Protein chains: 2
Amino acid sequence: MSNQTIPLDAETKAIEMPDDHRDELRLWLRLLTCSTLIEGEVRRRLRDRFDVTLPRFDLMAQLDKVPGGMTLSDLSKRMMVSNGNLTSLVDRLVASGHIERRVSATDRRAQIIKLTPAGRTEFRTMAAEHEAWIAEIFGGLTQKEHKDLMRLLAKTKLSARNAIMGVAP
Amino acid sequence: MSNQTIPLDAETKAIEMPDDHRDELRLWLRLLTCSTLIEGEVRRRLRDRFDVTLPRFDLMAQLDKVPGGMTLSDLSKRMMVSNGNLTSLVDRLVASGHIERRVSATDRRAQIIKLTPAGRTEFRTMAAEHEAWIAEIFGGLTQKEHKDLMRLLAKTKLSARNAIMGVAP
DNA sequence: CACAATTATTTTAAGCATAAAATAATTGCA
DNA sequence: TGCAATTATTTTATGCTTAAAATAATTGTG
């Protein structure tokens with residue numbers, strides 16, 4: 001009996017799921033749903049509370065880390081967005097008084113941009129609230145779950161990187 | 001001795017981390033990184049292999065589930081994007097021959113859109129490869145890790161929903 | 001030194017996304 | 001029936017995003 005059930009199961013599998021990747025797809029969709037859900041809420045709150053978009057917030061977050069400011073190229077590498085993207089984003093943040101640009105003293109092609117004092121103050125206020133929102137959103141997880149999720153996501157990231165870049169980086 | 005260390009620790013904590021939410025922030029950034037990394041790779045492959053964008057792929061995926069097609073409003077609810085967004089997206093997919101639109105027989109305001117036979121065939125080819133990509137990307141996780149991550153993301157989603165909508169849905 | 005290659009940034013063209021206003025058709029109800 | 005409210009879609013204005021081409025300055029090398 002058991003010597004029949006084994007090939008039968010294998011065949012059934014082969015017919016019903018010629019190459020079953022639906023579980024991975026479900027996992028990906030769940031990850032994406034979480035991410036989209038949270039990101040959307042963050043965008044909404046940033047807009048409602050501070051009338052700021054996420055890209056502007058992200059840009060200011062990068063500048064806040066480096067008091068002396070940095071060039072557009074540095075910023076584009078850190079933010080992992082295209083150079084052209086930053087041009088207009090920076091323009092708008094300069095117009096609203098959050099950041100300032102000046103031509104580099106040593107390289108006339110380059111511009112150093114940095115937060116204005118007002119921009120820094122406003123960013124810090126927003127960042128503090130933002131942190132509290134995130135804590136609230138993840139508040140339903142226990143410390144252990146938090147830790148486990150952290151580890152599993154680290155492993156997911158590695159797995160994805162391997163698939164993307166090939167096994168050798 | 002122990003009756004002194006307890007208040008001291010509490011005070012130290014209060015000074016160093018007036019409200020420490022940095023761990024949650026790290027968790028969120030890791031989740032976002034994973035999601036962005038994978039989504040970017042999927043976009044890249046869809047473009048390189050099939051010259052299609054993710055929004056177009058997503059739209060066709062929805063239509064593939066419902067052979068009879070659906071209205072723009074239904075589609076916008078399913079895809080969770082704005083109605084206005086779909087207008088141009090649908091226009092382009094009609095222009096490329098992937099989908100077709102016809103005015104509803106019962107409601108002259110509404111349009112039913114559905115995949116053309118060619119659109120369906122092309123989508124199925126893309127979807128099969130897409131599934132394999134995802135399986136490859138998550139291939140570094142064991143079955144147990146897969147299962148654990150699934151569960152933790154489900155819990156994260158619930159936690160986020162509670163934070164977003166308040167405890168009562 | 002000259003000039004080719006590189007680097008920093010901007011511009012352009014196209015697509016995706018939203019919110020809000022406009023248009024058009026249907027439905028409910030007095 | 002008539003007309004107000006609702007529903008389906010499109011349009012408009014704005015912003016984010018990219019890739020690719022253009023512009024401008026610097027650097028390395030013969």
Side-chain angles (χ1 to χ4, degrees), chain A residues 32 35-37 39-48 50-62 69-96 98-99 101-113, chain B residues 32 35-37 39-48 50-62 69-96 98-99 101-113:
Chain A
L32 186 59
S35 180
T36 305
L37 185 67
E39 188 179 322
E41 182 64 11
V42 168
R43 282 182 198 271
R44 198 169 304 120
R45 293 189 187 191
L46 282 175
R47 187 170 73 103
D48 293 351
F50 302 112
D51 194 30
V52 78
T53 63
L54 189 52
R56 287 178 209 207
F57 179 81
D58 287 344
L59 193 155
M60 287 192 269
Q62 292 299 330
M70 67 186 92
T71 65
L72 284 181
S73 290
D74 289 344
L75 191 56
S76 108
K77 273 169 214 139
R78 275 167 173 272
M79 292 181 71
M80 296 194 293
V81 300
S82 68
N83 235 312
N85 187 0
L86 285 184
T87 298
S88 54
L89 197 53
V90 164
D91 283 348
R92 282 187 287 267
L93 279 165
V94 168
S96 62
H98 291 92
I99 69 177
R101 43 165 30 132
R102 60 181 172 70
V103 172
S104 163
T106 58
D107 185 341
R108 274 187 302 168
R109 291 169 305 179
Q111 302 174 20
I112 315 289
I113 60 175
Chain B
L32 187 59
S35 179
T36 305
L37 185 67
E39 187 179 322
E41 182 63 11
V42 168
R43 281 183 198 272
R44 199 170 303 119
R45 293 189 187 192
L46 283 175
R47 187 170 74 104
D48 294 350
F50 302 112
D51 194 30
V52 78
T53 64
L54 189 52
R56 286 179 210 208
F57 179 81
D58 287 344
L59 192 155
M60 288 192 270
Q62 292 298 330
M70 67 185 94
T71 65
L72 284 180
S73 290
D74 290 344
L75 191 57
S76 108
K77 273 168 214 138
R78 274 166 174 272
M79 292 181 69
M80 297 193 292
V81 300
S82 69
N83 236 312
N85 187 1
L86 285 184
T87 298
S88 55
L89 196 53
V90 164
D91 284 348
R92 282 186 289 267
L93 280 165
V94 168
S96 62
H98 291 91
I99 69 176
R101 43 165 33 132
R102 59 181 173 71
V103 172
S104 163
T106 58
D107 185 341
R108 276 186 302 168
R109 290 168 306 180
Q111 303 174 19
I112 316 290
I113 59 175

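Below, chains carry the letters A, B, ... as their sequence lines are ordered, and counting in each starts from 1. Everything quoted here is computed from the prediction, not taken from an experiment.
- Residue A:N85 places at least one side-chain N or O under 4.0 Å from the OP1 or OP2 atom of D:dT18.
- The side chain of A:S73 contributes no N or O atom lying less than 4.0 Å from OP1 or OP2 of C:dT7.
- Among the atoms of the strands shown, none is found under 4.0 Å from any heavy atom of B:S104.
- Between B:S82 and A:L72, the residue anchored nearer the 5' end of DNA chain C, judged by the nucleotide with its closest heavy atom, is A:L72.
- OP1 and OP2 of C:dG15 both lie 4.0 Å or more from every side-chain N or O belonging to B:S88.
- With D:dT11, C:dA8, C:dC16 as the candidates, the nucleotide lying closest to the side chain of B:T87 is D:dT11.
- Between the base of C:dT9 and the side chain of A:R109 there is no donor-acceptor pair shorter than 3.5 Å.
- Residues A:T106 and A:L89 both approach DNA chain D. Their nearest nucleotides, taken by heavy-atom distance, put A:L89 toward the 5′ side.
- Looking at heavy atoms from C-beta onward, A:R43 lies out of side-chain contact with A:T53 at the 4.5 angstrom threshold.
- Side-chain proximity of A:N83 to C:dT10, C:dA8, C:dC16: nearest is C:dT10.
- Using a 4.0 Å cut-off, no side-chain N or O of A:R108 falls inside it from OP1 or OP2 of D:dA24.
- Counting to the nearest Å, the C1' atom of C:dC16 and the CZ atom of B:R47 are 15 Å from each other.
- Regarding contacts with the backbone of C:dA8, every side-chain N or O of A:R101 stays at 4.0 angstrom or more from both OP1 and OP2.
- For the pair B:R56 and C:dC16, the criterion of a side-chain N or O lying under 4.0 Å from OP1 or OP2 is met.
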